Every structure is written in structure tokens, then in C-alpha cells.
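This report concerns only the one structure given below.
Chain letters run A, B, ... following the sequence lines, proteins first and then strands; every chain starts at 1. Any value given below was found using the heavy atoms of this structure, including those in side chains, with hydrogens, waters and symmetry copies removed. Just so it is clear, the structure is predicted and the values come from calculations on it, not from any experiment.
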2 protein chains.
Amino acid sequence: MRRITPNNTRTTCKQCSIVCRCLGRNLSAADIEENLGISGCARVLHKQEHLFDMHQPFHSLYIIKSGAIKTFSTTHTGEQQVLGFHQPGEILGLDAVNSRYATTAVALTTTGVCALNKDEVTRAMRRSSAFLEQIMEHYRQELFQEKRMLTVLARKDADQRVATFLLSQIRGCDFFNHSQAELTLPMSRSDIGNYLGLAPETISRVLRRFQEAQLIVVQRNRVNKINSAGLYSMAGESVWLDECSCKQRQCAS
Amino acid sequence: MRRITPNNTRTTCKQCSIVCRCLGRNLSAADIEENLGISGCARVLHKQEHLFDMHQPFHSLYIIKSGAIKTFSTTHTGEQQVLGFHQPGEILGLDAVNSRYATTAVALTTTGVCALNKDEVTRAMRRSSAFLEQIMEHYRQELFQEKRMLTVLARKDADQRVATFLLSQIRGCDFFNHSQAELTLPMSRSDIGNYLGLAPETISRVLRRFQEAQLIVVQRNRVNKINSAGLYSMAGESVWLDECSCKQRQCAS
DNA sequence: CGTTTCCTTGACGATTCTCAATTAGGGTGG
DNA sequence: CCACCCTAATTGAGAATCGTCAAGGAAACG
């Protein structure tokens with residue numbers, strides 16, 4: 001276990017009070033931290049450092065404050081299956097089964113997280129039925145997203161998968177008011193391919209084709225001059241539309 | 001809306017008191033009906049009849065008593081994506097988002113269900129923290145299963161997907177003590193292919209190849225002489241292993 | 001500055017899809 | 001009870017997509 005906690009002092013981390021990313025849309029860190037008085041424990045992960053490992057006892061939830069996290073499962077032959085890329089505002093660990101983490105979470109870059117004790121969250125749920133309902137709705141949203149991903153893998157070709165993926169990444173950035181014209185991909189081509197059920201070479205080729213089609217400009221991990229509308233029609237179906245409309249609603253409120 | 005309710009009298013349906021299928025393994029119908037005093041409303045669906053439709057207001061949960069149900073989502077181009085096949089003991093409707101059903105559920109054959117009012121279940125959750133925890137664990141298990149399905153779609157070839165699918169169907173039957181040597185598939189080849197991200201022709205061809213390899217004997221919707229061990233190794237990875245071990249545990253208790 | 005890792009690009013091959021024709025089953029009506 | 005019809009399943013041939021293998025190059029790291 002490579003695990004370093006440079007900033008492990010127990011403290012209510014106000015930085016956590018950012019509106020949760022769309023994926024956890026009606027469950028915000030602010031709800032957890034401020035309304036319910038749960039204090040978090042700040043922690044910084046270096047690149048490739050594990051936040052938690054599959055099968056490990058479940059003890060904490062984590063809110064991502066900065067950076068990026070990849071979650072994956074490991075088959076008994078040792079292969080990895082990337083299951084998601086997570087951005088600031090997202091909550092990790094809620095899918096722990098039988099009190100053990102169902103996935104491994106690893107930092108793709110230097111990442112700040114806020115740890116929340118499992119039992120404190122449980123107590124808070126008992127106290128506040130509104131908070132409980134938010135947690136439940138979060139689960140339902142997660143299930144909904146996984147079903148969307150199933151649809152992507154079952155129905156879409158390589159171009160559509162990559163376009164869908166890029167749009168999902170843009171959305172996350174956009175939510176924090178980054179320019180939609182630029183995007184940094186903290187994960188490798190292998191990771192993207194693994195996530196989308198494609199070979200890494202295919203990711204390269206699709207990105208090059210997108211560039212030739214004037215949809216993006218790619219420079220290694222940087223994606224510039226993004227033609228969102230073009231990607232959107234390339235993705236074939238408004239896979240993330242509901243999320244985006246949801247985001248707008250949340251930003252307005 | 002084709003909706004017929006031959007047996008719509010409000011009654012506590014004791015038939016619902018069957019141990020929930022593995023997929024909802026620690027959330028049993030017995031827990032809901034007997035321990036918490038929630039009464040269900042029996043209903044019989046004819047083949048192809050809809051139990052609920054995507055986007056419809058969420059009002060009830062349903063426990064499948066007999067028959068088989070297919071759930072799917074519809075894209076805005078009108079295409080269907082099959083998301084699951086559900087057997088007696090399973091609970092449907094818990095994934096409703098924003099108080100609307102996230103999928104459409106349709107009977108694949110004559111099917112008996114037990115309807116549970118959403119608000120009654122919510123009240124029961126508030127009363128019993130044990131029940132609440134069961135519901136939460138159910139969500140986590142569902143998320144875990146969806147992630148497994150993602151792995152199947154992202155990593156496995158046609159043979160492995162079909163073998164995995166057949167094993168998942170056997171498991172459900174086995175749980176109700178049917179012979180493992182025979183299996184009835186209530187869904188069409190198109191449905192299977194849609195679910196697995198394959199063309200219906202591919203399903204036919206794979207089943208024929210399995211038959212030539214002495215793994216099964218196929219006669220339209222009937223599958224006989226199933227070599228579970230062979231299918232298991234064909235599936236490539238112990239995708240449903242955890243579930244099966246869970247099943248054994250539950251049966252023992 | 002060298003080494004390592006990741007990305008890119010090409011050529012080839014395999015799996016799977018599409019299209020089309022044929023066959024089998026189930027249901028209906030005479 | 002049989003004949004017919006209609007849907008679903010099967011099977012084949014050809015094409016397209018994507019994966020695999022291998023080589024080269026660029027960025028990052030120590």
C-alpha cells in the first residue's frame with residue numbers, strides 16, 4: 001500500500017463546499033459538510049497513489065476537491081477494467097458492497113480529497129430524512145448513469161464512444177467554468193480504451209480522425225479547439241443531455 | 001397503455017414471500033411484506049404487457065412472483081436498449097430517477113407481480129433502520145452488477161458474452177430448484193443480442209457453435225443438456241461467482 | 001543526457017455485422 | 001384436424017470495423 005497523507009490533520013475542509021458535479025447532482029458536498037455538520041479529513045494523493053483498494057474494508061467516503069481519480073476493478077487473472085473517471089465534486093465509496101470497496105480508486109494526477117467517516121454519514125442519514133433522500137437519489141442517478149454507459153458499449157461504434165467520452169469530460173470541466181475550448185486528459189490512451197472497450201491504438205486513430213474532421217486539435221494530453229456541436233452529432237445520441245440540463249438547473253438554484 | 005389487471009384486489013399476497021433472487025440478495029420480499037407489514041397488490045401481466053413505462057411517474061415497486069420481465073430504455077431515435085431480464089423474486093422500480101421510472105418493463109410471458117406503494121416502502125424505511133440498510137445494500141449490489149455488465153461488454157467476445165448470459169439465466173432457475181439440465185429462454189434472439197451488444201444472427205451462430213462443442217442442446221427457446229462447467233470456462237472469468245456463493249449462503253440461512 | 005514510457009502510425013487479420021434467402025414454429029381460421 | 005400465414009430463427013456470403021503486432025517517435029523522468 002503506497003499511501004502518503006501530507007495533510008492529514010482533522011479539520012472541516014471548507015474547500016469541499018463546492019457544488020457537486022452533475023453525476024452526484026443533488027447530493028452536494030455542501031449538503032454533507034455544512035448542513036449536517038459532518039467534518040471531513042483533508043488528504044492529498046500523488047499521481048498513481050491509491051485512495052482505496054477493491055475488497056478493502058469500507059471506512060470512508062471521499063469527496064474529490066481537485067485533480068482526477070480513476071476507478072477500476074481487477075479480474076482474478078489480474079486484468080483491470082476501468083469503470084470511471086472522476087472529477088472534483090464527485091463522491092467516491094458509496095458503492096461499497098458488504099462493507100468492502102467494490103473498486104480501486106487511484107489518482108491520475110495530484111489530487112485533493114476530503115474523507116468522511118462512514119458512520120458519521122450514516123448517523124446524518126438517520127437524523128435528516130431529506131439528506132437520506134438525497135443519498136438515495138444519488139444511488140438512483142448512479143444506476144441511471146451505469147445504464148447509459150451500458151447503452152454506449154452495446155450500441156455505439158468507436159467514433160461515437162470516443163465522442164461521447166470527450167463530451168463527458170468537457171462537461172465536467174465546464175461545470176467549473178473552464179473554457180470549453182480546451183481540455184486536459186489526465187488518463188492514458190490505454191485507460192480510455194479500457195474504459196470504452198477499445199484498443200488504445202483505436203483511441204489514437206479516432207482522435208486523429210476527429211482532428212482531420214476539424215472537431216478537435218489534439219496534442220498528447222491536451223485537446224483544444226473543441227467543436228462541441230460536432231462532437232455532439234458524432235456521438236449519435238444525446239447521451240449526456242439530461243445531465244447537462246440538470247446541471248443548468250442546479251447552477252441556477 | 002395496454003394495461004389489464006385481472007386480479008387487482010388489494011391484498012397481502014403471501015405468494016410474494018419468496019426469498020429474493022440473488023440479484024437482490026439481502027433484500028427479500030419476506031422482509032418487505034412480513035416484517036414491515038407492507039401489503040402488496042397482486043397483478044397479472046399478459047405477454048408483452050407493460051408493467052411501467054420510462055418517464056412515467058413512479059408510484060409503485062414491483063416484486064416478480066412468476067414469469068419473466070424485460071427492462072429497456074428507449075433512445076430519442078426510438079431504438080430500444082435492453083437493460084436486463086428479471087426473474088421471480090427480483091424487485092423492479094427501485095432505480096426510478098426524479099420520481100419517474102428510468103426504464104420500461106414488459107412481460108416476456110404471463111407474469112405475476114406484487115405491487116408495493118412507494119410511500120409505504122419509504123415509511124417502512126424510516127421505521128426500521130435495518131430495512132433501510134437492506135435497501136441501501138440493494139442499491140450497492142445493483143451498482144456492482146451493472147459494473148460487472150460493463151466489464152462483460154467492454155472485454156468479452158461473442159462466445160464469452162453468450163456463455164455468461166446463459167450462466168446468469170441458469171442461476172436464476174437453479175435458485176428455484178429447477179433442473180440445471182434444462183432452461184427456457186423467454187426472450188427472443190433479438191433481445192439477447194440487444195442486451196449483449198451483438199446481432200441476433202451472432203446469437204444464433206454462437207448457440208449453434210456451443211451445441212457443436214457439446215456445451216448445450218438448443219431447440220428454439222429450450223436449452224437442454226447444459227454443461228455448466230464448460231460454459232463456465234467458456235465465459236472466461238468467474239463473472240457471477242460472487243453471486244453464486246452468496247446464493248448458497250442465503251439458502252443455508 | 002540517457003532511459004523509459006507512452007503515443008502514433010502502418011499493415012494485416014480476425015471477428016462480427018449486414019444483407020438476403022431459407023426454414024421452422026406457433027397461431028388462426030376454415 | 002389440417003392448411004395457411006406470419007413471425008422468428010437460421011444459415012450463408014461478403015464487407016466493414018476493430019484488434020493485433022510491430023516499428024518509430026516524442027515527451028517525461030531521473
Side-chain angles (χ1 to χ4, degrees), chain A residues 46-49 70 79-82 106-110 152-166 183-213 216-224 234 236, chain B residues 46-48 70 79-82 106 108-110 152-166 183-213 216-224 234 236:
Chain A
H46 299 130
K47 186 172 178 176
Q48 303 217 317
E49 196 178 345
K70 165 182 88 170
E79 296 163 300
Q80 288 185 5
Q81 174 60 48
V82 174
V106 58
L108 292 167
T109 179
T110 303
V152 169
L153 291 181
R155 304 190 74 81
K156 292 187 185 298
D157 63 21
D159 284 1
Q160 294 175 313
R161 292 187 204 186
V162 175
T164 303
F165 166 75
L166 287 175
L183 180 63
T184 300
L185 300 175
M187 70 295 285
S188 69
R189 301 286 190 270
S190 284
D191 283 338
I192 301 173
N194 187 306
Y195 177 60
L196 296 175
L198 299 168
E201 294 94 328
T202 302
I203 307 297
S204 265
R205 280 186 257 265
V206 171
L207 290 176
R208 185 169 56 78
R209 259 182 296 173
F210 282 4
Q211 178 157 333
E212 286 164 6
I216 53 176
V217 173
V218 188
Q219 289 174 314
R220 208 155 184 93
N221 286 337
R222 285 212 124 63
V223 183
N224 298 311
M234 179 68 81
Chain B
H46 299 130
K47 186 173 179 176
Q48 303 214 318
K70 164 182 88 171
E79 294 163 301
Q80 289 186 6
Q81 173 60 47
V82 174
V106 58
L108 292 168
T109 179
T110 303
V152 170
L153 291 180
R155 304 189 72 82
K156 292 187 185 298
D157 64 20
D159 285 359
Q160 294 175 313
R161 292 187 205 186
V162 175
T164 303
F165 166 75
L166 287 176
L183 180 63
T184 301
L185 300 176
M187 70 294 286
S188 69
R189 300 286 189 270
S190 284
D191 283 338
I192 300 173
N194 186 308
Y195 177 60
L196 296 175
L198 299 168
E201 293 94 329
T202 302
I203 305 298
S204 265
R205 279 186 257 265
V206 171
L207 290 177
R208 184 169 53 81
R209 260 182 298 173
F210 281 4
Q211 178 157 336
E212 285 164 5
I216 53 175
V217 172
V218 189
Q219 287 174 317
R220 205 152 185 97
N221 287 336
R222 284 211 125 62
V223 183
N224 298 311
M234 178 69 80

Contact class for A/Ile203 vs. all strands (heavy atom < 4.0 Å): base, sugar-phosphate, or nothing? nothing
With sugar-phosphate meaning primed atoms plus P, OP1 and OP2, does A/Gly197 contact a base, only sugar-phosphate, or nothing at under 4.0 Å between heavy atoms?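 The residue A/Gly197 makes sugar-phosphate contact but no base contact.
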Measure the CZ-CD1 distance between A/Phe165 and A/Ile192 for me, rounded to the nearest 0.5 Å.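 One finds 4.0 Å between CZ of A/Phe165 and CD1 of A/Ile192.
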Is a donor on one side and an acceptor on the other found under 3.5 Å between the side chain of A/Arg222 and the backbone of A/Val217?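 A pair under 3.5 Å: no.
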When you measure from the side chain of A/Arg189 to the backbone of A/Pro200, do you find a donor-acceptor pair of N or O atoms at a distance under 3.5 Å?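 Looks like no, no N/O pair under 3.5 Å.
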Roughly, in whole Å, what's the span from [atom1] in [X] to [atom2] in [N]?
X        : N      : atom1 : atom2 : answer
A/Arg189 : D/dA26 : CZ    : P     : 15 Å
A/Leu185 : C/dC6  : CG    : P     : 16 Å
A/Leu108 : C/dC6  : CG    : P     : 13 Å
A/Asn221 : C/dT5  : CG    : P     : 17 Å
B/Lys47  : C/dG27 : NZ    : P     : 7 Å
A/Lys156 : D/dT17 : NZ    : P     : 16 Å
B/Gln219 : C/dG26 : CD    : C1'   : 15 Å
A/Met187 : C/dC7  : CE    : C1'   : 15 Å

Candidates [options] - which lies nearest the side chain of [X]:
X        : options                : answer
A/Ser188 : C/dC6, D/dT10, D/dT20  : C/dC6
B/Glu201 : D/dG12, D/dC18, C/dC17 : D/dG12
B/Arg220 : C/dC17, D/dA8, C/dC7   : D/dA8
A/Asp157 : D/dC18, D/dG12, C/dG10 : D/dC18

So, for B/Arg161 and B/Leu196, which heavy atoms are closest and what is the spacing to 0.1 Å?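 Shortest heavy-atom contact: NH1-O, 2.7 Å.
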To check you understand the geometry: which heavy-atom pair defines the closest contact between A/Val206 and A/Ala158, and what is its length? CG2-CB, 4.1 Å
Base C/dG10 paired with A/Arg205 side chain (donor-acceptor, <3.5 Å): yes
Hey, does the side chain of [X] come within less than 4.0 Å of [N]'s phosphate (OP1/OP2), counting only N and O?
X        : N      : answer
A/Arg208 : C/dT9  : yes
A/Thr202 : D/dG19 : yes
A/Ser204 : C/dC7  : no

